[in-house]
Every structure is written in structure tokens, then in C-alpha cells.
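Just below is one structure, and these are the notes that go with it.
Worth saying up front: this structure is predicted, and the values here are computed from it rather than measured. All ligand and atom numbering here is 1-based and tracks the order in the structure.
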Amino acid sequence: MLASGRHRRGRPQRHLADMSDAEAAEAMASFGLPQFRARQLASHYYGHLDVDVSGFTDLPADRREEIGRLFLPPLITEVTHQTADEGMTIKTLWRLFDGSLIESVLMRYPTRATLCISSQVGCGMGCPFCATGGLGLTRNLSTAEILEQVRVAARMMRDGQVAGGPGRLSNVVFMGEGEPMANYRSVVTAVRRISAPETKGFGISARNITVSTVGVVPGIRRLSAEGLPIRLAVSLHAPDDALRDELVPMNRRFDTAQVLDAAHDYFLATKRRVSIEYALMRGINDQERHARELARRLNHYGDDWVHVNPIPLNPIEGSRWTASKPEDEDRFLEVLHAAGITATLRDTRGSDIDGACGQLAARAVEGAGQTMDGDVPTVS
Ligand code: SAH
Ligand code: SF4
């Protein structure tokens with residue numbers, strides 16, 4: 001829900017990253033430029049991660065500024081960033097053309113660097129333990145707004161702006177704000193660009209891209225048919241319908257049986273192990289009987305098709321749910337392991353900077369200047 005109006009309505013300006021190669025070539029022609037200019041521009045954008053047309057010396061000098069204005073409008077502007085984990089985690093707050101705010105988090109590890117990105121402004125799914133859920137949905141992000149989050153992070157890694165020196169962005173997870181399946185077309189188009197080889201895309205292996213869903217079954221089924229070897233994560237959080245109805249309102253539409261059937265079919269279609277996300281909430285879903293029931297439900301489909309990622313709940317202000325006791329977390333994992341289920345406690349990178357990956361909710365940061373115009377989404 002928005003605190004107060006004044007949002008400019010409509011869509012962000014169309015950007016090169018919203019266009020297929022053919023559409024970009026056509027757009028060039030419509031501006032009286034040869035079609036091959038589109039390929040040159042794409043190689044600057046995807047290959048060199050660059051949007052500063054003044055340095056694009058292969059483009060005619062007298063048209064560069066115009067090409068930049070038409071194809072590479074600035075879509076995301078940094079408002080502020082916070083670092084944690086000795087500079088290895090960077091959370092950035094972005095402002096969009098209409099004043100909307102979103103966040104992304106870059107997390108560097110010894111052997112990989114993962115970017116957690118947003119697919120919507122807020123989220124309409126209303127999970128009561130989730131900070132984004134409290135915002136409500138403002139709008140979908142465009143493909144280019146999604147891709148810009150990736151481009152900037154890939155550039156920061158390349159240019160050594162993240163502690164640890166120059167490196168490569170290797171993984172992307174759709175676990176920031178929003179429900180990816182509710183913005184299906186833009187998300188899948190973005191995934192194809194992220195994974196396309198360099199100069200056509202960002203060259204990040206599709207196997208290193210994760211789409212996390214609350215359990216929108218038609219979206220999971222559609223994704224199974226895309227022929228993309230990406231990882232699917234399903235936010236289950238409860239082993240049965242009575243409990244899941246309470247924690248995940250979408251369960252009343254697509255229940256645990258439908259969600260697990262679709263997840264297993266995704267595994268069969270892609271041969272990629274599905275991740276089950278499970279936020280451990282003290283005394284709610286973290287007891288031995290929950291772990292046993294979860295294992296039973298998953299083993300029903302056979303072995304080795306799934307990986308459970310319990311994560312200690314990061315409690316949101318005013319919520320009646322809190323994180324599990326460490327001994328309950330340990331016991332939960334033991335029960336899963338004893339039942340032959342692979343499970344690892346998900347790390348809570350950046351939880352000391354007010355929202356790790358998966359718990360994002362753009363909100364006003366005092367003094368950062370983004371409270372202008374009253375355009376800030378707030379929890380109402
Ligand atoms: N809407 C999608 C993706 C974004 S949320 C989804 O729900 O899957 C990414 C992950 O963070 C989900 O597994 C979500 O359930 C989890 N999450 C949300 N709020 C959380 C919190 N307070 N503590 C721990 N995990 C949380
Ligand atoms: Fe939306 Fe996911 Fe948060 Fe649920 S957990 S409200 S689906 S972002």
C-alpha cells in the first residue's frame with residue numbers, strides 16, 4: 001500500500017534491455033539509423049556493462065547522445081547502500097522513474113558472488129511474516145528494470161568495487177521483493193538475457209539462476225516448459241494445508257499437494273533439484289512433527305529430487321512470529337537428514353543490515369533524501 005499518492009502512473013520508458021534483438025534493430029531503423037547499430041549498442045550494454053554513450057566511439061558522434069536518450073534511459077538510480085560482512089554484502093536501495101523504491105543485495109562468498117534481485121515493487125501475496133508482503137503490490141518491474149539491477153552488480157564485481165578485489169557476478173536469485181510468477185513474462189525474458197552469452201546477454205549460466213515462488217502452480221508449470229535449466233525454489237514454510245493456509249495465503253488457491261506435484265514435475269522436466277524454502281518460526285512450524293511430516297510429504301515423490309533450505313525467520317517489526325531456538329533448528333535438520341532428505345540451513349547474510357536477501361522491503365532511510373514527494377511505500 002502506498003503512503004500517499006503522487007506516483008506517476010504508467011510504465012517506465014522502453015529500454016534496449018526490453019527489446020528483442022529484432023525489435024532493437026527495427027527501432028534503430030525507425031530512427032533513421034542502420035540496423036547493425038543495435039548490435040553495437042547491445043555489445044556495449046551486455047558485453048561491457050556500459051551505458052555511457054559518450055565513450056561509444058564506434059557510433060556516429062553526432063547521434064550518440066540521441067541513441068543514449070532513446071535506448072538507454074536511466075531506469076534505476078541509487079538512493080543509498082549499506083554494507084555488511086566486511087564489505088562482502090552490499091544492499092542497495094534504488095529509486096525508479098515513478099518514485100518507487102526497490103532493493104537488491106549482492107553477497108560475495110569465497111567461490112561465488114550472488115545477487116538477490118526484485119521482480120516487483122512490493123508484493124501482493126500478503127505472507128504475514130514477510131516485510132515485503134506488508135507493502136502490498138505497487139507494480140511489476142519491466143524487464144529492463146530487472147536487468148539493470150544485474151548489470152550494475154556485474155559491473156561492481158568486475159571493477160573491484162566489492163571487498164575482495166575484481167571478480168565476477170556468478171549467481172542471480174529472484175528472492176528480493178515480489179513474486180516472480182506474478183510478473184512472469186518480464187522475469188523469463190530477463191532470465192534469458194542474464195544467461196545469454198556475452199554481447200547478447202550477461203553470460204551468467206542459467207544453472208546459476210534461481211527463481212523463488214510462493215507456489216503459483218500455473219507459473220511453475222509454465223516455467224517447466226521453457227527449457228531453461230534454472231533452479232526453482234518453492235517457499236513452502238509448512239508441511240500441511242492447515243498451517244500453510246495461515247502462513248501463506250496463496251495456499252488457499254494452490255494447496256500443498258498441488259504445489260508439491262508441480263515442483264516434482266519441474267524436477268522431472270528439468271532434472272534440476274528443487275529447493276524448498278522453509279522459514280523456521282518459533283513454536284509454529286519448527287517442531288519435530290513438522291519436520292517428520294515434511295520429510296514424509298517429500299519422500300512420497302521419491303529420492304533425491306529436492307533440497308530443503310530452512311532459514312531462521314528474520315522477524316519483522318510488530319509481527320507475532322519470532323525465530324526458532326537454535327536447538328529446534330538443529331533438531332529440525334536432524335529429522336530431515338535421518339529421513340534421507342538433503343537440507344542445509346540457509347545463511348542469513350546481511351541480516352544485520354535490516355533485511356537479508358529474501359526479506360527485502362524498501363522503506364525510508366532517514367536523511368537519505370528519498371522521502372521527498374511522499375512517494376515512499378510504507379507498511380500501513
Ligand atoms: N515471493 C517469492 C520470492 C521472494 S521472497 C517467494 O515468496 O518465494 C524470498 C524468500 O524469502 C521466500 O522463501 C520467502 O518466504 C522468504 N522470506 C520472506 N520473509 C522472510 C522472513 N521474515 N524471514 C525469513 N525468510 C523470509
Ligand atoms: Fe510476497 Fe514472497 Fe513475501 Fe510472500 S514471501 S509476501 S510471496 S515476497
Side-chain angles (χ1 to χ4, degrees), residues 1 102-105 107 114-141 146 149 172-184 187 191 209-217 219-220 223 230-238 243-254 259 262-263 266 274-282 284-286 307-324 329 345-363 377 379:
M1 261 156 271
I102 53 157
E103 290 176 323
S104 54
V105 186
M107 296 158 285
T114 300
L115 180 70
C116 174
I117 56 173
S118 296
S119 58
Q120 297 184 306
V121 183
C123 180
M125 300 295 160
C127 306
F129 57 87
C130 169
T132 315
L135 300 174
L137 175 67
T138 299
R139 67 171 171 87
N140 282 336
L141 296 188
I146 296 171
Q149 298 171 62
V172 173
V173 299
F174 285 81
M175 289 191 181
E177 284 175 49
E179 167 50 40
M181 299 301 186
N183 187 13
Y184 186 89
V187 165
V191 164
I209 301 174
T210 301
V211 169
S212 176
T213 177
V214 72
V216 179
V217 168
I220 298 174
L223 195 64
I230 59 176
R231 186 183 290 277
L232 175 74
V234 174
S235 300
L236 201 66
H237 305 313
L243 185 54
R244 196 164 187 266
D245 277 350
E246 196 187 331
L247 300 178
V248 180
M250 185 43 72
N251 197 65
R252 290 175 213 146
R253 192 115 161 252
F254 305 109
V259 169
Y266 186 87
V274 173
S275 298
I276 299 289
E277 307 295 303
Y278 197 105
L280 289 166
M281 308 177 203
R282 185 181 298 196
I284 304 285
N285 65 355
D286 64 348
H307 182 119
V308 181
N309 272 149
I311 178 171
L313 183 81
N314 190 13
I316 55 168
E317 254 176 64
S319 153
R320 58 197 175 93
W321 289 296
T322 54
S324 297
E329 288 171 18
L345 209 59
R346 202 173 95 194
D347 97 316
T348 48
R349 266 289 182 107
S351 53
D352 55 332
I353 52 173
D354 190 21
C357 174
Q359 298 129 55
L360 300 182
R363 66 191 138 207
V379 181

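Judged by distance alone, the side chains of Q120 and N140 do bring a donor and an acceptor atom under 3.5 Å apart. Residues S212 and E277 have side chains that never bring a donor and an acceptor to within less than 3.5 angstrom of each other.
At least one N/O/S atom of C127, whether from backbone or side chain, sits less than 2.8 Å from atom 4 (Fe) of ligand 2. Among the backbone and side-chain atoms of C130, none of the N, O or S atoms lies under 2.8 Å from atom 1 (Fe) of ligand 2.
Atoms of ligand 2 lying under 4.0 Å from any heavy atom of V214, numbered from 1 in the order shown and given with element: 7 (S). The distance from ligand 1 to the heavy atoms of G178 drops below 4.0 Å at these ligand atoms: 1 (N), 2 (C), 3 (C), 4 (C). Contact atoms of ligand 2 toward G133: 6 (S) (distance under 4.0 Å to a heavy atom of the residue). When each atom of ligand 1 is checked for a heavy atom of N314 under 4.0 Å away, the hits are 21 (C), 22 (N), 23 (N), 24 (C). Residue C130 approaches ligand 1 through these ligand atoms, each under 4.0 Å from one of its heavy atoms: 18 (C), 19 (N).
The heavy atom nearest to atom 15 (O) of ligand 1, out of those in M281, H237, E179, M175, is found in H237. Relative to atom 4 (C) of ligand 1, the option among S275, G176, S235 with the closest non-hydrogen atom is G176.
The part of T213 lying near ligand 1 is the backbone, judged by heavy-atom distances below 4.0 Å. With a 4.0 Å cut-off on non-hydrogen atoms, E177 does not touch ligand 1 at all. At a heavy-atom distance under 4.0 Å, only backbone atoms of F174 (N, CA, C or O) approach ligand 1.
The backbone N or O of N285 lies less than 3.5 Å from a partner atom in the side chain of Y278, making a donor-acceptor pair.
Here the CG atom belonging to L313 is positioned 10.0 Å from the CD1 atom belonging to I284, to the nearest 0.5 angstrom. One finds the OG1 atom of T210 at 9.0 Å from the CG atom of L232 (value rounded to the nearest 0.5 Å).
Each salt bridge (charged side-chain N to carboxylate O under 4.0 Å, His left out) pair with one or both residues in residues 122-141, not counting sequence neighbours, appears once here: D98-R139, R139-E145.
Geometrically, ligand 1 and F129 share a nitrogen or oxygen pair separated by less than 3.5 Å. By the 3.5 Å distance cut-off applied to N or O atoms, E277 is not counted among the residues near ligand 1.
Residues V105 and L115 have side chains not in contact (no heavy-atom distance under 4.5 Å, counting atoms from C-beta outward). Annotation: side chain of P315 is not in contact with side chain of F129 (no heavy-atom distance under 4.5 Å).
Taking the side-chain hydrogen bond (donor to acceptor under 3.5 Å, both in side chains) definition, one finds that Q149 meets it with nothing, sequence neighbours left out.
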